[in-house]
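Remarks on the structure that follows.
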Protein chains: 2
Amino acid sequence: MVPDQASTGALDDAVDPADGVVDAGWAPVTKARTYELVLDRVEAQITSGRLRAGDRLPAERDLAAALGVSRVAVREAMRVLQAMGVITQSTGSGRDAGTVLTAAPGEALTRLVRMHVLLASVGTADVVRARIALERESARLAATHARDADHALLAEHLAVMDDPECSPETFNDRDTEFHVAIAHASGNRLVAEMTTALRNAMRATLLERLQGEDDFRAVAARLAREHHEIHDALVAGEGARAADLVEAHIEGFYARR
Amino acid sequence: MVPDQASTGALDDAVDPADGVVDAGWAPVTKARTYELVLDRVEAQITSGRLRAGDRLPAERDLAAALGVSRVAVREAMRVLQAMGVITQSTGSGRDAGTVLTAAPGEALTRLVRMHVLLASVGTADVVRARIALERESARLAATHARDADHALLAEHLAVMDDPECSPETFNDRDTEFHVAIAHASGNRLVAEMTTALRNAMRATLLERLQGEDDFRAVAARLAREHHEIHDALVAGEGARAADLVEAHIEGFYARR
DNA sequence: GACCTCACTGTGGTAGGACCACAGCAAGTT
DNA sequence: AACTTGCTGTGGTCCTACCACAGTGAGGTC
């Protein structure tokens, strides 16, 4: 069986780990879709070091020909890679046109988390605990790794949020950016990206809650004050205190109802 | 700098923050790719509640016709959703065949993290810190949420790792499953999935390190002992201690060189 | 009547071809 | 020298056709 495309160089690979062997030694034959084979090849090129961030992939048509698959298969693989934030694509000719390997996990993570929050696959309470775990670490690291530029950026966001005229939308956006800025100041890329994704995924939810507040200004003032305290702890280089403040800050807002 | 929208509706909700307005009021026209429009429609259906986990999407051909796009566009959107772990697809006819909404972020997260580790987008040191942050939380929660079945599963993994005949491969797999089991026992789905993804993404790296140990048995014995201590803390319901032990456990192994 | 066989139908999977829009580049024109 | 124009390579989109698979039910066989 498995005629599986003429003309494919479609090789095996397929290292299915630990699958319940139902009948003595009869593995169920891997029926990998073609685009997955393409994905494997690309990953192999990266693993072997022949392909690294910044490099340009062959044109879709060329890659299809080289792998012996149709362009559709290549395109679907590219779609997946794009969804993971591994490549960026653009039209046109020239050196930088086409498909380029660029590691940008941020957006991809955000979309992933947001979709699963929407699907109720994960509850908001879970997201809150995860945020706390990550942002504690962000704050702790940021206290020692943040530079003057980072502090200045944070101060800028604080100033906007201090403005009594500030709308819930603006406040929410700046709040997001404030937390994200701390995450990036931590120097830990992964923690930063995950923190960003979580905060961004909650953006709509938090905005709704802010807009639904009876006394938005009072809440905003309280949150802004807590932000200032966190900022002060960061500037003072007190990581542990910053972490505790962040935890109280996040938990405090959610616990309000 | 490419704007590179993600997920803007067909219409212009594009709120590009701080982009140099070149000519008075001339927004550069959002040129969303068609498959992104399909994605938006699907997300809208989910947001509105008309579509939820477990539901079946229309057949690709029907969906294409309904949205007025080609089947290719629909397929590419499906590929993205699949890569995010939002849908599963299967051939055949019948009620459960076709495309079904199923929230399974695990694999998707794992692949995403693994790819970015491979691309050196995030360093292993960063992954370790992220793991610690998350697994501390996992352990803390598991100490109060874990049930007898969870404890039994953990004990089973421990028994295998205690076996002096245990190979590095087996040990590594069981170690992974041990940490993953704790994460799932925490009751926090998001933390569990992220923990799993991180541990899985490091699987190959850790295996290499284990195999490269001068005295594998001694290292395995030490790790196994630490596992037992963690397990004991969990059974005793001492979350804080379990968290500290986990941190020391993870940090200790990485710090060895 | 109970059971098996087999064609039918609806589903995703794949391929190949065609055309479009876009961006860079080079040759030609002013 | 500066501008214009057409060429070329890239992803973006669509269409059409066919394949593989799994459930369903009609028909035949015992």
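What you see is a predicted model, and the numbers here were worked out from it, not measured in a lab. Sequence lines set the chain letters: A, B, ... in the order given, protein chains first and strands last, and positions in each chain run from 1.
- One donor-acceptor pair, N or O on each side, does fall under 3.5 Å between the base of C/dG12 and the side chain of B/R61.
- On a pure distance criterion of 3.5 Å, a polar donor-acceptor pair joins the side chain of B/R71 and the base of C/dG13.
- The side chain of B/R75 lies closest to C/dT14 when the candidates are D/dG12, D/dC14, C/dT14.
- With rounding to whole Å, B/D62 atom CG is found 12 Å from C/dG12 atom C1'.
- Comment: A/E43 engages B/R114 in a salt bridge, judged by a side-chain N to carboxylate O separation of less than 4.0 angstrom.
- Atom OH of B/Y35 is separated from atom P of D/dG12 by 8 Å (rounded to the nearest Å).
- As judged by a 4.0 angstrom heavy-atom cut-off over every strand, A/A59 is placed among residues touching the sugar-phosphate backbone only.
- The separation between A/L81 atom CG and D/dG11 atom P is 13 Å, rounded to whole Å.
- For the pair A/E76 CD and C/dA15 P, the interatomic distance rounds to 10 Å; values are reported in whole Å.
- Distance check, rounded to the nearest 0.5 Å: CG of A/D96 to OG1 of A/T88 gives 9.5 Å.
- Ranking D/dA22, D/dC14, C/dG13 by closeness to the B/E60 side chain, first place goes to C/dG13.
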Discussion item. Assess the residue pair B/E137 and B/S186 against the criterion (side-chain contact (heavy atoms from CB on, under 4.5 Å)); give the C-alpha distance rounded to whole Å, side-chain angles, the decisive distance to 0.1 Å, and a yes or no.
Written reply: CA-CA 8 Å; B/E137 182 72 5; B/S186 73; over 6 Å; no
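- Nearest-nucleotide mapping onto DNA chain C: of A/G94 and A/R33, the residue sitting toward the 5' end is A/R33.
- For the pair A/V72 and A/G92, both in contact range of DNA chain D, the more 5′-proximal nearest nucleotide belongs to A/G92.
- Looking at A/N172, its side chain does come within 3.5 Å of a backbone N or O of A/R203 through a donor-acceptor pair.
- The backbone N or O of A/A97 lies less than 3.5 Å from a partner atom in the side chain of A/R56, making a donor-acceptor pair.
- A close approach under 4.0 Å does not occur between any side-chain nitrogen or oxygen of B/S93 and OP1 or OP2 of D/dG23.
- Atom CZ in A/R95 sits about 10 Å away from atom C1' in C/dG24, given to the nearest Å.
- The nearest whole Å value for the distance from the CG atom in B/D96 to the P atom in C/dG12 is 13 Å.
- For B/R189 (side chain) and A/D126 (main-chain N/O), no donor-acceptor pair under 3.5 Å exists by modelled atom type.
- Listed pair A/T34 / C/dT14 meets the phosphate criterion, a side-chain N or O lying under 4.0 Å from OP1 or OP2.
- At the heavy-atom level, B/A73 lies under 4.0 Å from the strands shown only through sugar-phosphate atoms.
- Note: CD (B/Q89) to P (C/dT14) measures 10 Å, nearest angstrom.
- Taking atom CD1 of A/I87 as the reference point, atom P of D/dG11 lies 9 Å away to the nearest angstrom.
- In this model, the phosphate group of C/dT11 is not approached by any side-chain N or O of B/S90 to a distance below 4.0 Å at OP1 or OP2.
- Residue A/S70 has a polar side-chain atom (N or O) positioned under 4.0 Å from OP1 or OP2 of C/dA15.
- Under 4.0 angstrom from either OP1 or OP2 of C/dG12 there lies at least one side-chain N or O belonging to B/T99.
- Closest to the B/V69 side chain, of the nucleotides D/dC14, D/dC21, C/dA15, is D/dC14.
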